[in-house]
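Since the structure comes first, as structure tokens, the remarks are kept for the end.
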Protein chains: 2
Amino acid sequence: MTATTQEVRPSYCDSCAIRNRAICADLDSAELAQLSTIGRRRKLTAGEQLFWEGDDTVLLANVIEGVLKISTHTSEGKEQILGLGFPSDFLGRPFGQTAPFGAEALTDSFVCVFEQGDFDRFAREHSRLEHKLLERTLAELDRTRRWMLLLGRMNAEQKVASFLLELRDRLTPRTCNHIEVEVSEIFELPLTRQQMADILGLTIETVSRQLSRFKRDGLIDLLSRRQVTIRDRRTLELIAS
Amino acid sequence: MTATTQEVRPSYCDSCAIRNRAICADLDSAELAQLSTIGRRRKLTAGEQLFWEGDDTVLLANVIEGVLKISTHTSEGKEQILGLGFPSDFLGRPFGQTAPFGAEALTDSFVCVFEQGDFDRFAREHSRLEHKLLERTLAELDRTRRWMLLLGRMNAEQKVASFLLELRDRLTPRTCNHIEVEVSEIFELPLTRQQMADILGLTIETVSRQLSRFKRDGLIDLLSRRQVTIRDRRTLELIAS
DNA sequence: CGGGACTTTGATCCTTATCAACTTATGTGG
DNA sequence: CCACATAAGTTGATAAGGATCAAAGTCCCG
């Protein structure tokens, strides 16, 4: 604690795929080394639960690879997905008592997991990290509020169009080493139709019908259940408003 | 900046109604005095806009008295209210470029306003404040996500019931000087039917019909357009799930 | 007391949920 | 490697909840 000089061994964080995009981005090597002592990597297979809604021993995680969902349930058991976690996103509820939502891997994933207590303590001692976390939380709040607009005011067609566009964007990192990457309009849906319905506040049938319609109208292609190509982005954007 | 001792004059913050509940709660007198130099009080009359969606010169505010709404619009002009601000709530988007939503007073209000730049600078230098802000933002994110469940998965009856209950709770501070206060089940709606509709993702007619139904069934009383009494909280809670 | 905004109520229509049957993928064991 | 079982997805028919359109009623304020 009081040592002024400190042997800084490179932590495995240094080679982390999201080193420069996650909340750890502003930490120096020493801090990173310290952080890496309280975190551990974990592999998740599709469908595996990272933590459950209501858990007391709360986990926090950086998504390194893959896509996760966070969700809650109505008392009648209907699920509502609250958001998706993509690489470099931070998942979980710091400074809380119980997890207000559950987290599950949608695809095979890698995450960097922390016990909440460890992380909370670390964050309070490193205001740069806390600041990053604040910025992320504010951004996430913005995104969640935009989603409210979708849930409250859009019809099924607009919802599905918006969702496809957002997925395409978040699934493809905008830059790679500061070089603009030409992005393909083909991508893999990381969710089942049911899960899409649970995100959009629709039923599985409505989602399916809407996708079929978009395909029939030439706006998208469905190569397989999970493979989507956006053929007419302009029109989709018009529909999504 | 480098002075170690400093004349601390009591700022008007010391007597602020929300001194112990707002994000300023953890600041000491010296910090509070400093903060008060960059903030100013402002009175708003019902219907007055504090700032607009898309504004570049962004304002931030602590709500001292009254109720504000934050909202955004679809491209077709339909409004979606994103949330309400009650006394001690913090409004606005720190560390951002443009306001992602507008804020308007629903009732005559008092707020404590900051220029975003001033506030951002202050926050970065006072990690206790930034920590408070983080906790609030996380709590607000939780609340917003619960609202997603309402928008995505509830029917009109459940939405209106939930809203009445939440309004009653937030309109009445739970404690006063650490003493549990017996709360009355009568309260004033700070919104028009149209605004309620814009919060719940419904139309004005549906909201009105639902309220009439609740009244007919003896769950609530409507003394005037704005005066509501909750007569059967249990059943309302049951409906709201 | 009169005018305008807000609200309530009724009638009808439309979107999406629900129910049901069928089709297509996925995967496992013989 | 195929046949079968199971899960996931599609499509159609019908129903219901809310939106929309329309008109009457109420409150509020000058």
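Order of the sequence lines sets the chain letters (A, B, ...), proteins ahead of strands, with each chain counted from 1. Only this structure's heavy atoms are used, side chains among them; waters, hydrogens and symmetry mates stay out. Just so it is clear, the model here is predicted, and its values are computed rather than measured.
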(message) Tell me if a side-chain donor or acceptor on A/E166 pairs with a main-chain N or O of A/F163 at a distance below 3.5 Å.
(response) no

(request) Can you tell me the distance, in whole Å, between the CD1 atom of B/I204 and the C1' atom of D/dT26? (result) 13 Å

(message) Main chain of B/E157, side chain of B/N155: is a donor-acceptor contact present, judged purely on distance under 3.5 Å?
(response) yes

(message) What contact category does A/T203 fall into here, base, sugar-phosphate, or nothing, at under 4.0 angstrom with non-hydrogen atoms?
(response) base

(message) Let's go through A/L200 and A/W147 carefully: what are the C-alpha distance in whole Å and the side-chain angles of both, what is the deciding distance for side-chain contact (heavy atoms from CB on, under 4.5 Å) to 0.1 Å, and is it a yes or a no?
(response) CA-CA 9 Å; A/L200 299 173; A/W147 212 249; 3.9 Å; yes

(message) Please report the distance, rounded to the nearest Å, between CD in B/Q195 and C1' in C/dA5.
(response) 13 Å

(message) Judged by each residue's nearest nucleotide on DNA chain C, which is more toward the 5′ side, B/S208 or A/T206?
(response) B/S208

(request) Would you kindly give the CE-to-P distance between B/M196 and C/dC6, to the nearest whole Å? (result) 15 Å

(message) Rounded to whole Å, please give me the gap between CD in B/Q194 and C1' in C/dT8.
(response) 14 Å

(message) I want to check one thing: is the phosphate of D/dT11, taken as OP1 and OP2, less than 4.0 Å away from some side-chain N or O of A/S212?
(response) yes

Distances under 3.5 Å only, N/O to N/O: pair up the protein atoms with those of nucleotides 24-27 of chain C.
from	atom 1	to	atom 2	distance (Å)
C/dT24	O2	A/R225	NH2	2.7

(request) Check the distance between C/dT16's C1' and A/M154's CE and give it to me in whole angstrom. (result) 17 Å

(request) Answer yes or no on whether A/R145 is positioned over the face of B/F101, meaning its NZ or CZ is under 6.0 Å from the six-membered ring centre and within 45° of the axis. (result) yes

(message) With side-chain contact (heavy atoms from CB on, under 4.5 Å) as the test, pick out the partner of B/I64 among B/D89, B/V111, B/I18.
(response) B/I18

(message) Between A/R153 and A/L211, which residue's closest nucleotide on DNA chain D lies nearer the 5′ terminus?
(response) A/L211

(request) Taking all non-hydrogen atoms of both residues into account, name the closest pair between B/S109 and B/G66 and its distance. (result) OG-CA, 3.6 Å

(request) In whole angstrom, give the distance that lies between atom CG of A/N155 and atom C1' of C/dC14. (result) 11 Å

(message) Closer than 3.5 angstrom, by distance alone: can the side chain of A/R193 be matched with the main-chain N or O of A/S208 as a donor-acceptor pair?
(response) no

(request) Indicate yes or no: does A/E237 engage A/R233 in a salt bridge with an N to O separation below 4.0 Å. (result) yes

Under 3.5 Å, N/O pairs linking protein and nucleotides 10-13 of chain C:
from	atom 1	to	atom 2	distance (Å)
C/dG10	N7	B/R209	NH1	2.8
C/dG10	O6	B/R209	NH2	3.3
C/dA11	N6	B/R209	NH2	3.4

(message) Heavy atoms only, 4.0 Å cut-off, all strands: where does A/L202 land among base, sugar-phosphate and nothing?
(response) sugar-phosphate

(message) Keeping B/Q80 on the side-chain end and B/D198 on the backbone end, is there a donor-acceptor pair under 3.5 Å?
(response) yes

(message) Centre-to-centre under 6.0 Å for B/F90 and B/F119, is that the case here?
(response) yes

(request) Apply salt bridge (charged side-chain N to carboxylate O under 4.0 Å, His left out) to the pair B/K69 and B/E104, showing each step before the final yes or no. (result) CA-CA 5 Å; B/K69 69 164 196 208; B/E104 181 189 319; 3.4 Å; yes

(message) Can you confirm whether the side chains of B/E185 and B/T229 place a donor and an acceptor under 3.5 Å from each other?
(response) no

(request) Could you tell me the separation between the CD atom of B/E157 and the P atom of D/dG17, rounded to a whole number of Å? (result) 10 Å

(request) Report the end-to-end axis angle of the helix from C/dC1-D/dG30 to C/dG30-D/dC1; each axis comes from five terminal pairs, and the value is rounded to 10°. (result) 40°

(request) Using whole Å, report how far CD of B/Q210 lies from C1' of D/dG17. (result) 10 Å

